[in-house]
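As structure tokens, the structure follows; a few thoughts come after it.
Just follow the structure's listing: the first ligand is 1, and inside any ligand the first atom is 1. What you are looking at is a predicted structure, and each value in this text was computed from that prediction instead of being measured. One is the number of the first residue; the rest follow in order along the sequence.
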Amino acid sequence: MRNSICRPAVFVSLMLLPVLSILLYQLDSFDPAEYPDKELTRREPLFVPNRNTHMLRGSERLGEGRLQAPEDVAFDPNTGLLYTGCEDGWVYRVSLNGSLVEKWVYTGGRPLGIAHGLHGELIVADAVKGLLNISKDGSIELLTEEAEDLKFKLTDGVDISHDGTLYFTDASYKYGLHEYMWDVLEGRPYGRLLSYNPSTKRTSVLVRDLYFANGVAVSPDQSFVIVCETVLRRCRRYYLEGHRKGSVDMFVDNLPGVPDNIRYDGEGLYWIALSTGISYPVDLLQRYPLIRKVVAIVERYVGHLKMEKNGGAIAVDLDGKPTALYQDRDISSMTSAIKIGVHLYSGSVSSPYILRLNVDRYPATPTV
Ligand SMILES: *[C@@H]1O[C@H](CO)[C@@H](O)[C@H](O)[C@H]1NC(C)=O
Ligand SMILES: *[C@@H]1O[C@H](CO)[C@@H](O)[C@H](O)[C@H]1NC(C)=O
């Protein structure tokens, strides 16, 4: 009896499901784009001579439970403390061994990229507020929030050159912090690399049309600035001087994951955080706008599809040549990696702590 009532209902639902899905697909106006064809990444994986594929093994957690989603991490040699921006809108100060974790300044937005200025101030790329100057005493000044009549929607990474110029990114002028997934899925370049000159207070656009402009690092010789494009798994180089001044070329391409922040370690290496490694689903997403549309519909009506895994950090030399990769299948959304002494400190937007790994004790070893 029960079956005879249920069967038609089940049958009708099964028939309706594809019809509804197709309808949804047709009606949804979201229109992802093909990535630039020549930049599609159907290539051999990048060769990295040394690897540690169990980065979590031996890692310690600093500030566990008190730091919510610490995105970027910066070290101030003057105070001997780490600074990090969290989801709750606070910039925290953390001692190198994690014994001290304190709330320092509340930005009221979402502090992402951070860097120490030349006069003891902290420069913060706040996703919501724009580019901020936090002075030693904790007072906050908004430096800039727009360029060329386009307001920043997701101020993301920042670094400072020796002459005091601030280099920073707006990941997207279309999608904000909580919509970043849509930027990735849409596949159009709404990101910009910008500079701010503190003496003239001028904001300039250096590079437009970037595919989610993320981490920024000024080269130690000050001749160029690197900007990472998360969506296309690459970092490019914008020349600040010499005969190539103002031009852009590739710094490192075909990364084994999607890059987030990048930081120079003072010892010949840049560390690029990889928020997720490459996998078959990520590869499909990159290739086919249609699949990105389906994922977008699922995101909109069902919920987040978690595809992030195999995150970590890659070290590349001054010319962008990879030297070592640290990753772990259980790491997702690693957003920064900085090396201080023998330790690598990493922030993540999916973890309530800063991860610390002694890379002397747990090194990346030759991959033969
Ligand atoms: C952590 O470092 C501080 C100095 O910054 C030191 O006083 C303290 O003993 C250290 N704690 C541990 C558990 O190592
Ligand atoms: C940040 O503010 C401090 C204090 O007002 C000032 O000394 C410093 O020059 C400012 N930095 C920038 C980059 O504007």
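- Annotation: ligand 1 has protein neighbours Asn97, Ser99, each with a heavy atom less than 4.0 angstrom from the ligand.
- With sequence neighbours excluded, the residues satisfying side chain to side chain contact (heavy atoms under 4.5 Å, CB included) with Ser336 are Asp72, Val73, Asn261.
- Tyr270 and Phe251 have their aromatic ring centers within a separation under 6.0 angstrom.
- The closest side-chain donor-acceptor pair between Tyr238 and Arg236, if any, does not fall under 3.5 angstrom.
- Here is the list of ligand 2 atoms found below 4.0 Å of a heavy atom in His119: 9 (O).
- Formation of a donor-acceptor pair under 3.5 Å by the Ser348 side chain with backbone atoms of Ser333 is found in this model.
- Proximity of the aromatic rings of Tyr190 and Tyr173 is defined here by a centroid distance below 6.0 angstrom, and this criterion is met.
- Proximity of the aromatic rings of His54 and Tyr362 is defined here by a centroid distance below 6.0 angstrom, and this criterion is not met.
- Using a 4.0 Å cut-off to heavy atoms of Ser135, the atoms of ligand 2 that qualify are 4 (C).
- Per-residue contacts place Leu143 under 4.0 angstrom from the following atoms of ligand 2 (heavy atoms of the residue considered): 14 (O).
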### Working for salt bridge (Lys or Arg N to Asp or Glu O under 4.0 Å), residues Lys151 and Glu145
CA-CA 6 Å; Lys151 200 164 182 299; Glu145 56 175 350; 3.5 Å; yes
